[in-house]
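Since we're looking at a predicted model, the values are computed, not measured. Just so it is clear: chains get the letters A, B, ... in the order the sequence lines come, proteins before strands, and each one is counted from 1.
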There are 2 protein chains.
Amino acid sequence: MKNPIEALNKIFDSRIRLGVMSIIIANDSVSFNDLKQMLELTDGNLASHLNTLEQAEYLKVQKAFIGKKTNTTYIITPLGKQEFKAHLDALEKMIKGI
Amino acid sequence: MKNPIEALNKIFDSRIRLGVMSIIIANDSVSFNDLKQMLELTDGNLASHLNTLEQAEYLKVQKAFIGKKTNTTYIITPLGKQEFKAHLDALEKMIKGI
DNA sequence: TATTTAACTTTGAAAAACAAAGTGCTTTTA
DNA sequence: TAAAAGCACTTTGTTTTTCAAAGTTAAATA
């Protein structure tokens, strides 16, 4: 019998990071402010979780200009999508006792 | 648009507690040592997570005797089962963007 | 020009996680 | 029957994580 929690990704222990991933995957790209409002977080707290996800290369920043105004949005990387899916699969397996 | 992470239960942020719940639900009742071996944890670490779950009244201890030897097993409470299910439902909804 | 907004970074406190050692009781083994 | 081992913790102390709040920088708006 193998340890079922090994396959769970530590990065996704945090429900904030789980929320960020869910929102970005569902919406393709989301701005800092939208995330902040949806998840009701302080700037610093959101920024640090985004940073954790960026460090892991699960998401990346896209800085674009809308006119002269910078617009920052976040998108999932292929790795991020893969790891998120793997985590959810592992979770499901664990819960169902497979 | 409601904050999707609000419905997630903080107690289940921990993959160890998630693992404990999954195992106990799947097996009805599990001993301390079985949990310890399945999850590959130190005694103290497991005991403290079990304690968190007990404090929340998500599980309870059953002390029985097998002959003269005490046998400690853990079982889920109705509340525990309900909260675990609620958490998983919230997770699923969040992921699917419902 | 002053204020506001966006997207952070920094700081520091509080909480959580964890390993390791210790405890008390029972049971097995030499 | 004395010693060793096992069970189920508790205690201690370190490390890691989380988070809020304040500070920062650049651009936009009044």
Side-chain angles (χ1 to χ4, degrees), chain A residues 3-6 8-21 23-24 27 29-75 87, chain B residues 3-6 8-24 27 29-76 87:
Chain A
N3 180 350
I5 68 179
E6 251 173 34
L8 299 177
N9 190 329
K10 263 203 174 197
I11 288 181
F12 301 130
D13 271 15
S14 151
R15 76 208 161 303
I16 291 177
R17 291 192 292 265
L18 233 27
V20 167
M21 294 293 285
I23 291 171
I24 302 182
N27 295 95
S29 111
V30 183
S31 73
F32 187 90
N33 266 294
D34 284 349
L35 283 171
K36 194 180 122 183
Q37 274 154 37
M38 286 183 209
L39 299 173
E40 300 176 77
L41 300 171
T42 56
D43 287 17
N45 197 7
L46 174 57
S48 89
H49 283 290
L50 286 172
N51 191 52
T52 299
L53 258 8
E54 242 191 294
Q55 294 288 99
E57 296 182 54
Y58 291 179
L59 54 81
K60 62 182 212 271
V61 186
Q62 265 179 333
K63 305 248 181 204
F65 282 89
I66 297 183
K68 267 194 176 173
K69 192 177 175 177
T70 61
N71 179 262
T72 308
T73 58
Y74 296 86
I75 59 167
H87 177 78
Chain B
N3 181 349
I5 67 180
E6 250 173 35
L8 299 178
N9 190 330
K10 264 202 173 195
I11 288 180
F12 301 130
D13 272 13
S14 153
R15 76 208 161 303
I16 291 178
R17 290 192 293 266
L18 233 28
V20 167
M21 293 294 284
S22 298
I23 291 170
I24 302 183
N27 295 94
S29 110
V30 183
S31 73
F32 186 90
N33 266 294
D34 284 350
L35 283 171
K36 195 181 122 182
Q37 273 155 40
M38 285 184 210
L39 300 172
E40 299 175 79
L41 301 172
T42 56
D43 288 17
N45 197 6
L46 174 56
S48 89
H49 284 291
L50 286 173
N51 191 52
T52 299
L53 257 8
E54 244 190 291
Q55 293 289 100
E57 296 181 56
Y58 291 178
L59 55 80
K60 63 181 210 273
V61 186
Q62 265 181 332
K63 303 249 182 206
F65 283 91
I66 297 181
K68 266 194 179 174
K69 192 175 173 178
T70 61
N71 180 260
T72 309
T73 58
Y74 296 86
I75 59 168
I76 297 289
H87 177 78

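Contact annotation for B:Ser48: no contact, since no heavy-atom pair falls under 4.0 Å across all strands. Using a 4.0 Å heavy-atom distance criterion, B:Ser14 is classed as a sugar-phosphate-only contact. Across all strands shown, A:Ile16 has heavy atoms under 4.0 Å from sugar-phosphate atoms exclusively, and none from any base. Residue contacts for A:Leu41: at a heavy-atom cut-off of 4.0 Å it reaches no nucleic acid atom on any strand shown. At a threshold of 4.0 angstrom between heavy atoms, the contacts of A:Asp43 include nucleobase atoms, whether or not backbone atoms are also involved.
Side-chain contact between A:Tyr58 and A:Val20: absent, with no pair of heavy atoms (C-beta onward) separated by less than 4.5 Å. Residues A:Thr73 and A:Val30 form no side-chain contact, since every pair of their non-hydrogen atoms from C-beta on lies 4.5 Å or further apart. In this structure, A:Asn27 and A:Asp34 have side chains that are not in contact, with every pair of non-hydrogen atoms separated by 4.5 Å or more. Under the 4.5 Å side-chain criterion, counting only non-hydrogen atoms from C-beta, B:Lys36 is in contact with B:Asn33.
Applying the 6.0 Å contact sphere to CD of B:Glu40 captures more than 12 heavy atoms from other residues, nucleotides or ligands.
Dashed line: the shortest gap from a side-chain N or O of B:Thr72 to OP1 or OP2 of D:dA8 is under 4.0 Å. Taking 4.0 angstrom as the limit, A:Lys63 places a side-chain polar atom (N or O) nearer than this to OP1 or OP2 of C:dC8. OP1 or OP2 of C:dA7 sits under 4.0 Å from a side-chain N or O of A:Asn33. A sub-4.0 Å separation between OP1 or OP2 of C:dT9 and a side-chain N or O of A:Asn51 is absent.
Among the nucleotides C:dA17, D:dA8, D:dC19, the one closest to the side chain of B:His49 is C:dA17. Of the listed nucleotides (C:dC8, D:dA8, D:dC19), D:dC19 has the atom at the smallest distance from the side chain of B:Lys10. Of the candidate nucleotides C:dA17, C:dA19, D:dT10, C:dA17 has the atom nearest to the side chain of B:Arg17. The nucleotide whose nearest atom lies closest to any side-chain atom of B:Asn45 is, among C:dC18, D:dA8, C:dA7, C:dC18. Nearest to the side chain of A:Thr42, among C:dA19, D:dA20, D:dA8, sits D:dA20.
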Between B:Leu35 and B:Ile24, is a side chain to side chain contact (heavy atoms under 4.5 Å, CB included) present by the stated rule, with each step listed? CA-CA 9 Å; B:Leu35 283 171; B:Ile24 302 183; 4.3 Å; yes
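Atoms CD1 (B:Ile11) and C1' (C:dA17) sit 15 Å apart, rounded to a whole Å. In this entry the distance linking NZ of B:Lys36 with P of C:dC18 reads 16 Å, nearest Å. Between the CG atom of B:Asp13 and the C1' atom of D:dT16 there is a distance of 15 Å, rounded to whole Å. Spacing between atom CD of A:Gln37 and atom C1' of C:dA6 amounts to 12 Å, rounded to whole angstrom units. Rounded to a whole Å, the CZ atom of A:Phe32 is 10 Å from the P atom of C:dA6. Atom pair A:Leu53:CG and D:dT17:C1' shows a separation of 15 Å (rounding to whole Å applied). The distance between atom CG of A:Asn71 and atom P of D:dA28, rounded to the nearest whole Å, is 12 Å. Atom CG in A:Leu18 sits about 12 Å away from atom P in D:dT18, given to the nearest Å.
Residues B:Val61 and A:Glu40 each lie close to DNA chain D; by heavy-atom proximity, the contact nearer the 5' end of the strand is made by B:Val61.
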